[in-house]
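Worksheet: one structure, shown below.
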There are 2 protein chains.
Amino acid sequence: MMQTAPIDAVMRSLADPTRRSVFERIVRSREITVAELTLGSGVTQGAISQHLRALKQAGLVIDRPEGRNVHYRARPEGLKPLVDWMAQYDLFWRERFAGLHALLEEVEP
Amino acid sequence: MMQTAPIDAVMRSLADPTRRSVFERIVRSREITVAELTLGSGVTQGAISQHLRALKQAGLVIDRPEGRNVHYRARPEGLKPLVDWMAQYDLFWRERFAGLHALLEEVEP
DNA sequence: CAAACACGTTAGTAAATGCTAATGCATTAG
DNA sequence: CTAATGCATTAGCATTTACTAACGTGTTTG
C-alpha cells in the first residue's frame with residue numbers, strides 16, 4: 001500500500017474540496033483567524049480546526065497564536081512536493097509531446 | 001460542499017497512492033495493458049480496472065482497445081487543471097515571497 | 001472574580017473509499 | 001465449437017473520512 005511520502009500528505013490534503021477551499025482562503029489572506037475561516041465556510045468551527053490540523057501536518061500552513069486567536073498563513077514550500085512531482089513527469093512529456101512543458105510555459109509567456 | 005470542478009476529479013484521483021502509482025506507470029510506459037499494470041501492483045485486476053476508470057473519468061488517461069487487450073496511455077492535458085491551480089497561487093506568492101515561482105523556475109533553469 | 005470568547009479535541013454517525021471474490025462479456029486459441 | 005484469455009462490473013466488507021454536537025482549555029473583558 002506504498003509508504004507515506006510527503007507528496008501523499010499534500011495530495012490527500014488538497015483532495016477534499018472544503019479543505020482545499022480553506023487553504024485557498026489562507027493563501028489569499030496574508031493571515032486569517034480560525035473564526036474568520038469558519039464564517040465563510042459552510043461548516044462548523046470544529047470542522048475547520050480539523051482541516052487546519054491536516055493542512056498543518058502536511059506542511060501547507062503554519063499557525064501563529066496571538067492571545068486567544070490563532071492566525072494561519074500559507075507555507076509556500078509546502079507545495080514543493082507537488083511541484084517536484086509534476087516536474088518529474090514534465091521530463092517524460094517534454095520528450096514525447098512537449099505537453100506539460102507547454103502548459104507550464106503558459107504560466108509565464 | 002462546493003460544486004465538482006475539473007480540479008476536483010484530478011486531485012481526488014491522484015490522492016490515492018495506489019492509483020497515483022498506476023498513473024505513474026502509465027506515464028512511464030508509452031502504452032501499457034491492464035494485465036501488465038496488474039502484475040506490478042499488489043492488488044487484483046478488478047481493483048486496477050476501478051482505478052483506471054477513475055483516472056479515465058478525470059481525463060488523466062485514455063484507453064485504446066485492441067483485440068481482447070486494452071492499452072492505456074497518459075493524457076498530458078489531463079494535468080492542466082492542476083497546473084492552472086498552481087499557477088493561480090504562483091501569482092500570489094510571486095508578489096509576496098517569490099516562493100512557488102522560484103520552485104517552478106527550478107524545473108527549467 | 002465571573003462571563004464571554006477563540007480555538008482545539010473528542011465521541012459518535014453517515015457516507016465515501018479501496019479492496020476482494022465472483023461473474024459476465026468479448027475476443028482469441030486449439 | 002469449446003476452452004482460455006483479457007478486461008469490466010458487481011456485491012459485499014472493512015476502513016477511512018468529513019461532519020456535528022458537545023466539551024475542555026486558555027485568554028480577554030467587565
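Nearer to the 5' terminus of DNA chain D, by closest-nucleotide assignment, is the contact made by A/Val43 (compared with the other of A/Gly67 and A/Val43).
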Can you name the atoms? Protein N/O to nucleotides 7-9 of chain C N/O, anything below 3.5 Å, with the distance.
| residue | atom | partner | partner atom | Å |
| --- | --- | --- | --- | --- |
| C/dC7 | OP1 | A/Val34 | N | 3.2 |
| C/dC7 | OP1 | A/Val70 | N | 3.3 |
| C/dC7 | OP2 | A/Ala35 | N | 2.6 |
| C/dG8 | OP1 | A/Tyr72 | OH | 2.6 |
| C/dG8 | OP2 | A/Ser49 | OG | 2.3 |
| C/dG8 | N7 | A/Gln45 | NE2 | 2.8 |
| C/dG8 | O6 | A/Gln45 | OE1 | 3.3 |

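A/Gln50 pairs by the side-chain hydrogen bond (donor to acceptor under 3.5 Å, both in side chains) definition with nothing, not counting sequence neighbours. Qualifying side-chain hydrogen bond (donor to acceptor under 3.5 Å, both in side chains) partners for A/Arg53, counting only residues two or more places apart in sequence or in other chains: none. Here A/Asn69 pairs with nothing under the side-chain hydrogen bond (donor to acceptor under 3.5 Å, both in side chains) rule; sequence neighbours left out. Listed by chain and residue number, B/Glu31 satisfy the side-chain hydrogen bond (donor to acceptor under 3.5 Å, both in side chains) test with B/Arg73 (two or more places apart in sequence, or in another chain).
The phosphate of C/dC19 (OP1 or OP2) has no side-chain N or O of B/Thr44 nearer than 4.0 angstrom.
Going from atom CZ of A/Arg19 over to atom C1' of D/dT16 covers 12 Å, rounded to whole Å. The nearest whole Å value for the distance from the CG atom in A/Leu39 to the C1' atom in C/dA6 is 12 Å. One can place CD of A/Gln57 at 12 Å from P of D/dA18, the figure rounded to the nearest angstrom. Summarising the geometry, the separation between CD1 on B/Ile26 and P on D/dC7 is reported as 12 Å, rounded to the nearest angstrom. As a whole-Å value, the separation of B/His51 NE2 from D/dA8 C1' is 14 Å. Counting to the nearest Å, the C1' atom of D/dT16 and the CG atom of A/Asp8 are 14 Å from each other.
For residues 37-46 of chain B, the set of pairs meeting the side chain to side chain donor-acceptor pair (under 3.5 Å) definition, not counting sequence neighbours, comprises B/Gln45-B/Ser49.
The nearest pair of heavy atoms linking B/Ile62 to B/Arg75 is CG2-CD, 3.5 Å.
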